[in-house]
Amino acid sequence: MNQPVERIRSSCPRDCYDGCGIVIEKRGDTLRVLGDPDHPVSRGRLCGKCAIAYNGVWQDPAARLLYPLRRSGPKGSGKFERISWETALAAIAGRTQAILSAQGPEAILHTHYSGTLSLMALLFPMRFFHRLGAAEVDPDTICNAAGHVAWRTMFGSSSMGFDPRTADQSRCILIWGANPSHAGPHTHKHWFAAARVARIVVDPIRTDTAAVADIHLQPRPGTDAALAFSLLHVLWRDGKIDAGFVAAHTQGADEVLPQIQSCTPEWGARQTGVPAALIEQAAQLYGSGPALLWAGQGLQRQARGGNIMRAIGLLPALTGNIGKPGTGFYYLNDTAAMAGLDAGRMVGAHLAAREPVRISHMDLARELARPDRFRSLWVWNTNPLASAPRQSALRAAMSREELFTVVIDCFQTDSVDYADIVLPAASLLEFDDLTCSYFHLHVGVQSKATEPLGEALPNQEIFRRLASALDITEPELHEQDTSLIAGMMAEMHIPGTFAEFQQRGWQWIAESPQVLHSDLHFSTPSGRIEIASDAWTAQKLPRAPHADVDPPPAPGRFRLLTPASDLRLNDSYANDPQLSLQAGPASVILHPEDAGALGIKAGDSVSLNNAAGNMELIAEIDDLAPRGVLVSYKGRWPKQEPGGCNVNVLNDAIVADMGASSGVHSTEVEIVRKM
Ligand SMILES: Nc1nc2c(c(=O)[nH]1)N[C@H]1C(S)=C(S)[C@@H](COP(=O)(O)OP(=O)(O)OC[C@H]3O[C@@H](n4cnc5c(=O)[nH]c(N)nc54)[C@H](O)[C@@H]3O)O[C@H]1N2
Ligand SMILES: Nc1nc2c(c(=O)[nH]1)N[C@H]1C(S)=C(S)[C@@H](COP(=O)(O)OP(=O)(O)OC[C@H]3O[C@@H](n4cnc5c(=O)[nH]c(N)nc54)[C@H](O)[C@@H]3O)O[C@H]1N2
Ligand code: SF4
Ligand SMILES: [Mo]
């Protein structure tokens, strides 16, 4: 029998530059999740991974967590028994009250990130932890904190870049250490590849984004500051420094210009491995008119990542590529805040008696191992046993019998396997919310198309119930979805009701393309771009950016890059059988000359080793990265891999120079062929 089809507009809440529009076709109980043909970014399609996973694991009751669970085997065994919500909440409340009275709230540590970016599910749970006074794993330290510190100190903001719609007024787009072909595939296809301007990509890997660029600069990893200084040398030599802009809107330029004058392209070539002629060409293109700079999050995930962000920030700052149509510098757009969202209200910052204690992800494995410090761990919107450094040490810390662990997820991840109590989270198809892109300046609806599978609940309902179980009575912790959504819509100037917004699906935060920073007032102490200033020394950071590069790895050692995979969203979707089939076994890509020197052939089993750990991978041979660089894409669940680990077993928690942030792309390993 032909059932009528209902078409429901929604949006993708994944941590992705695109923020696609979705149409859910609903026939009876059957949902088909498709791209919204009317959406300006997705243009009728989802990415390959979501097209599969939203119609695969996300709707598969055999793959999803359906009920609250209580551990019934050793930690890590993944053995659980089903319990009721009532029992789960009572168990959590009992243990939590005991820890609160014996050790205090800071013995409770919670870790969370961007499993969903839909705004209620992302922000509302923070009210609970603020009210509790729990310690927090500083979320951005796993991803992008170094870049935020660098650009916030320099420009006063790291989360207001450019409006991508202004690209047609540019002469040049420079993408530095981002790979939208994986990390934002529609942005790659419709925005970058289709742009009718000169395009430059700086990436050690010849990504699909680099492959469509007019110029690909391929530096050795960790040498970007020297590359930036030598590009600036050419711009200075050719009279492209905007002296008027520098005098009026920057501070401390005189502290870097002498060094720039000595960083010739020939010097830059020796530091970075990029031919001097390409440095010349790229600088001339960037200097030829209004230009956009996009600094990737991958770029700063290294030991000198903060300084690198400062150094490349000099390009717009010294050439005046700011505040005019077709110019700008982008790291992230906090689109919700730009639209007017009061995130402080959403997270209930005022509920915290004092500033929460925070530890870096780089210290998580070590600090969590201390029984004198943490008695309880809460994990939500993240899967640290797949994504965080020092995987083996973290596993040992999470095995502590007395560490009362609560994990909230949609799927039974490795981290779930270490929980005492598991709470099942609802999916994007199962609750209403609002979303936005962190590149394109639009906000969207997330629409409930079906009841949650099993007894799963959205994060916000889970935390309302937890508040009740703990007798927390502040009304902020019991605010209902309709009120939360209406409040956010009002702040973000979204007209009409939620139901009316669902008809439209999405909207720009401003109808016409925005030229950001056009007032040329920067939220720094001086109101100027602080190239060198006391704001830096006050944070115990160098006064001025410098051109230093990472020393090359010792003989026999290789730099290991583990960036975003096109078939995974961080470590999510590793459990989708169809995507796993497409991904094949975990591999490492090495340069043909390195492979030849080591006697490694394609398909060989190789072992990667360093002080943090070792693992086996299948060798692939390709010249997509320079000699001395290995590439293995992130995105696997340790428990599904033959050795029970993923690449983060090799991640020794190298700390970036700013923000106590991850330096994972500075990882070094040795590689040997298995006999
Ligand atoms: N080697 C290496 N490691 C890296 C990186 C790298 O480049 N290389 N990148 C780092 C970066 S940039 C990041 S951001 C981190 C990301 O690392 P994680 O934050 O661990 O990312 P995911 O593995 O995708 O885990 C998100 C989890 O949230 C769950 N989830 C989804 N929706 C919901 C929901 O509504 N409620 C709840 N409670 N859970 C939900 C998903 O099922 C998933 O298990 O990884 C970092 N790790
Ligand atoms: N398909 C997919 N999409 C994703 C994600 C995913 O896992 N899968 N993750 C999401 C998340 S959480 C994030 S943070 C973003 C990240 O997306 P991006 O900002 O694009 O970051 P990465 O993919 O980590 O790395 C981007 C590029 O940085 C390059 N890189 C590494 N070291 C250096 C260096 O020393 N110099 C230079 N110039 N480049 C370097 C890498 O070669 C890589 O190609 O993507 C998001 N979107
Ligand atoms: S993950 Fe990104 S590309 Fe894929 S559907 Fe979601 S927003 Fe679109
Ligand atoms: Mo990230």
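Both ligands and their constituent atoms are indexed starting at 1 by order of listing.
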Element-labelled atoms of ligand 2 that are located less than 4.0 Å from some non-hydrogen atom of Val202
38 (N)
Does ligand 2 have any atom sitting under 4.0 Å from a heavy atom of Arg220?
no
What protein heavy atom lies closest to atom 7 (O) of ligand 2? Include the residue and the distance to one decimal.
Asn570 N, 2.6 Å
Nearest heavy atoms of Gln302 and Ser666, plus distance in Å
CB-OG, 3.2 Å
Gly19 neighbourhood, listing ligand 3 atoms whose heavy-atom distance to it stays under 4.0 Å
7 (S)
Residue, atom name and distance, where the atom is the protein heavy atom closest to atom 34 (C) of ligand 2
Gln302 NE2, 3.1 Å
Report yes or no: do Ser10 and Gln446 form a side-chain donor-acceptor pair below 3.5 Å?
no
Given the side-chain rings of Tyr17 and His186, with only the six-membered ring counted for Trp, is the space between their centroids under 6.0 Å?
no
Any atom of ligand 2 sitting under 4.0 Å from a heavy atom of Tyr573?
no
Do any heavy atoms of Tyr113 fall under 4.0 Å from ligand 2?
no
Could you tell me the residue and atom name of the protein heavy atom closest to atom 15 (C) of ligand 2, and the distance to it rounded to 0.1 Å?
Gln297 NE2, 3.9 Å
Is the shortest distance from a Lys or Arg side-chain nitrogen in Asp38 or Arg43 to a carboxylate oxygen in the other one below 4.0 Å?
no
Aromatic centroids of Trp294 and Phe192 separated by under 6.0 Å
no
Starting from atom 22 (P) of ligand 2, find the nearest protein heavy-atom neighbour and note its residue, name and distance.
Gly298 CA, 3.8 Å
Classify the ring geometry between His440 and His442 as parallel (under 30°), tilted (30 to 60°) or perpendicular (over 60°).
parallel
Have a look at ligand 3 and work out which part of Ser42, if any, has a heavy atom under 4.0 Å from it: side chain, backbone, both or neither.
neither
Which residue and heavy atom of the protein sit nearest atom 4 (Fe) of ligand 3, plus the separation:
Cys47 SG, 2.3 Å
Whether the Ser360 and Asp138 side chains hold a donor-acceptor pair (N or O, under 3.5 Å, no angle test) is what I'd like checked.
no
Report yes or no: does Pro204 have a heavy atom closer than 4.0 Å to ligand 2?
yes
Mode of Arg568 contact toward ligand 2 - side chain, backbone, both, neither (heavy atoms, under 4.0 Å):
backbone
Give the atom numbers and elements of ligand 2 that come within less than 4.0 Å of a heavy atom of Asn179.
20 (O), 26 (C), 44 (O)
Just which atoms of ligand 3 are under 4.0 Å from any heavy atom in His186?
3 (S)
Those atoms of ligand 2 less than 4.0 Å from some heavy atom in Leu299:
36 (N), 37 (C), 38 (N)
Contact region, Cys50 to ligand 3, non-hydrogen atoms below 4.0 Å, reads side chain
Does a side-chain N-to-carboxylate-O contact under 4.0 Å join Arg557 and Glu670?
no
Run the ring-centre check on His110 versus His112 and record whether the distance is less than 6.0 Å.
yes
Determine the sole option in Arg270, Gln281, Glu280 for which the side chain to side chain contact (heavy atoms under 4.5 Å, CB included) test with Pro265 is passed.
Glu280
Distance from atom 32 (N) of ligand 2 to nearest protein heavy atom, with residue and atom
Leu561 CD2, 3.8 Å
Enclosure of Arg32 CZ (heavy-atom neighbours >12, cutoff 6.0 Å)
no
Show which atoms of ligand 2 fall inside a sub-4.0 Å distance from at least one heavy-atom site of His665.
24 (O), 31 (C), 32 (N)
Take every heavy atom of Lys634, measure it against each atom of ligand 2, and state whether any distance is under 4.0 Å.
yes
Looking at atom 4 (Fe) of ligand 3, is there an N, O or S atom belonging to Cys16 that lies under 2.8 Å away from it?
no
Flag Cys143 as yes when one of its N or O atoms lies below 3.5 Å from any N or O atom of ligand 2, and as no otherwise.
no
For atom 6 (Fe) of ligand 3, the closest protein heavy atom turns out to be Cys12 SG, 2.3 Å
Going by the atom numbers of ligand 2, which of them fall below 4.0 Å from some non-hydrogen atom of Ile205?
42 (O)
Quick one about Thr335 and Asn333 (side-chain donor to acceptor, distance below 3.5 Å, no hydrogens or angles considered), yes or no?
no
Could you check whether the rings of Tyr330 and Phe162 sit parallel, tilted or perpendicular, using 30° and 60° as the cut-offs?
tilted
Per the side-chain hydrogen bond (donor to acceptor under 3.5 Å, both in side chains) rule, which among Asn381, Thr382, Asp15, Asp140 passes with Ser114?
Asp15
Closer than 4.0 angstrom, basic N to acidic O: yes or no for Arg627 and Asp594?
yes
Closer than 4.0 angstrom, basic N to acidic O: yes or no for Lys639 and Asp414?
no
What part of Tyr438, side chain from CB on, backbone N/CA/C/O, both or neither, has a heavy atom under 4.0 Å from ligand 2?
side chain
Report yes if the distance between the aromatic ring centroids of Trp506 and Phe501 is under 6.0 Å, otherwise no.
no
The answer for which part of Leu569 has a heavy atom under 4.0 Å from ligand 2 is both
If you draw a 6.0 Å radius around CD in Gln578, do more than 12 non-hydrogen atoms from other residues or ligands fall strictly inside?
no
Between Asp571 and Trp637, do the side chains contain a donor N or O and an acceptor N or O under 3.5 Å apart?
no
Heavy-atom contacts with Ala564 under 4.0 Å: which atoms of ligand 2 show up? List them by number with element.
5 (C), 6 (C), 7 (O), 8 (N), 23 (O)
Out of Gly177, Ala183, Ala625, Gly296, indicate the one that has the non-hydrogen atom closest to atom 26 (C) of ligand 2.
Gly177
Establish, from distance only, whether the side-chain atoms of Asn570 and Lys634 form a donor-acceptor pair under 3.5 Å.
yes
Just jot down the ligand 2 atoms closer than 4.0 angstrom to any heavy atom of Ala178, in number order.
20 (O), 26 (C)
Hey, which atoms in ligand 2 end up nearer than 4.0 Å to a heavy atom of Thr207?
44 (O)
the protein heavy atom lying closest to atom 10 (C) of ligand 2 turns out to be Asp15 O, 3.1 Å
Considering only the protein, which heavy-atom contact is closest to atom 8 (Fe) of ligand 3, and what is its distance?
Cys20 SG, 2.3 Å
Nearest protein heavy-atom contact for atom 18 (P) of ligand 2: which residue, which atom, what distance?
Tyr17 OH, 3.7 Å
Which residue supplies the protein heavy atom nearest to atom 43 (C) of ligand 2, what is that atom called, and how far is it?
Asp203 OD2, 3.3 Å
Which ligand 3 atoms are under 4.0 Å away from a heavy-atom of Pro185?
3 (S)
